[in-house]
Amino acid sequence: MALKASRDVVAARQAVARELKARGVSTIRVTRFATAVSEIARNAIVHGGGGEISVCLDARKEYLLVECRDRGPGIADIGQAMVDGYTTAGGLGRGLGGAKRLSHAFEILPREGGGTIVRMSTRI
């Protein structure tokens with residue numbers, strides 16, 4: 001799904017919550033992962049100029065996988081961006097690190113041609 005505006009962040013969060021709830025995941029785990037997805041989707045819009053997000057199950061249906069791709073300038077120093085308190089936009093600087101802590105697996109990659117790819121998952 002496309003990420004262009006705040007309503008798209010809500011749609012991504014709802015899609016993730018719907019998939020997890022349908023598989024019997026606890027409310028607290030649904031909320032935690034949906035919060036992580038919201039942060040990444042919002043970052044794609046605010047810092048990356050928009051992008052796309054996909055939600056699917058792994059082949060064994062053990063994990064919900066999310067991939068978010070943006071078209072922005074990329075993240076100059078991913079290691080520094082993951083440090084709590086680091087911010088380029090005047091926020092609290094807990095977004096990326098928080099999203100990682102709320103996920104089972106989490107990785108950030110530069111996107112060929114510019115932008116960023118964030119892959120994250122949670123166990124079902």
Side-chain angles (χ1 to χ4, degrees):
M1 72 184 71
L3 295 172
K4 296 177 183 175
S6 295
R7 68 180 174 277
D8 300 326
V9 174
V10 173
R13 180 185 181 95
Q14 289 173 339
V16 164
R18 195 170 36 254
E19 289 294 328
L20 292 173
K21 287 177 185 176
R23 285 158 180 77
V25 174
S26 72
T27 301
I28 188 71
R29 288 189 47 231
V30 169
T31 301
R32 288 171 56 94
F33 194 63
T35 298
V37 169
S38 292
E39 177 61 28
I40 297 309
R42 187 191 67 78
N43 281 355
I45 293 167
V46 172
H47 301 289
E52 306 85 32
I53 193 164
S54 60
V55 179
C56 64
L57 294 174
D58 72 317
R60 292 182 170 177
K61 298 184 180 178
E62 294 177 353
Y63 293 90
L64 186 71
L65 310 172
V66 173
E67 183 174 281
C68 183
R69 300 162 303 281
D70 71 42
R71 304 179 218 21
I75 300 172
D77 185 336
I78 293 172
Q80 185 179 25
M82 294 300 297
V83 173
D84 281 348
Y86 177 78
T87 180
T88 59
L92 296 175
R94 295 189 181 264
L96 291 176
K100 181 178 180 178
R101 285 188 294 276
L102 296 172
S103 302
H104 176 82
F106 186 92
E107 69 178 332
I108 300 176
L109 305 164
R111 185 174 182 182
E112 192 169 321
T116 303
I117 299 170
V118 178
R119 293 185 182 134
M120 53 201 299
S121 66
T122 191
R123 190 168 181 84
I124 295 178

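Owing to the predicted nature of the structure, the values given are computational and were not obtained by experimental measurement.
Between Val37 and Arg13 the shortest side-chain heavy-atom distance does not fall below 4.5 Å. No side-chain heavy atom of Leu3 sits under 4.5 Å from any side-chain heavy atom of Asp70. Here the side chains of Val66 and Phe33 are in contact, with some heavy-atom distance below 4.5 Å. Two residues are said to be in side-chain contact when any heavy atoms from C-beta on lie closer than 4.5 Å; Val118 and Leu109 fail this criterion.
With Thr122 as reference, Leu64 is the one residue of Val30, Val25, Leu64 to meet the side chain to side chain contact (heavy atoms under 4.5 Å, CB included) rule.
The CD1 atom of Ile124 sits 13.5 Å away from the CZ atom of Arg60 when rounded to the nearest 0.5 Å. To the nearest 0.5 Å, atoms CZ (Arg32) and NE2 (His104) are separated by 13.0 Å. Atom CD1 of Ile117 sits about 9.0 Å away from atom CD of Glu112, to the nearest 0.5 Å. Distance check, rounded to the nearest 0.5 Å: CE of Met120 to CD1 of Ile108 gives 9.5 Å. Put simply, SG on Cys68 and CD on Glu39 are 10.5 Å apart, with the number rounded to the nearest 0.5 Å. Going from atom CD1 of Ile45 over to atom NZ of Lys4 covers 10.5 Å, rounded to the nearest 0.5 Å.
For residues 115-124, the pairs satisfying salt bridge (charged side-chain N to carboxylate O under 4.0 Å, His left out) are Glu67-Arg119, Glu107-Arg119, with sequence neighbours left out.
Arg18 is linked by a salt bridge (Lys or Arg N to Asp or Glu O under 4.0 Å) to nothing, counting only residues two or more places apart in sequence or in another chain.
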Give the table of side-chain donor-acceptor pairs shorter than 3.5 Å for residues 51-58, with sequence neighbours excluded, one pair per line with atom names and distance.
from, atom 1, to, atom 2, distance (Å)
Glu52, OE2, Arg71, NH1, 3.3
Glu52, OE2, Arg71, NH2, 3.3
Asp58, OD1, Lys61, N, 3.1
Asp58, OD1, Glu62, N, 2.7
Asp58, OD1, Tyr63, N, 2.8

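Transitive grouping of hydrophobic side chains (ILVMFWY, heavy atoms separated by less than 4.5 Å) keeps Val16 and Val10 in distinct clusters. Hydrophobic clustering (ILVMFWY, side-chain heavy atoms < 4.5 Å, transitive): Leu102 and Leu20 are in distinct clusters.
Counting all heavy atoms, side chain and backbone alike, Leu65 lies closest to Ser121 at CD2-CB, 3.6 Å.
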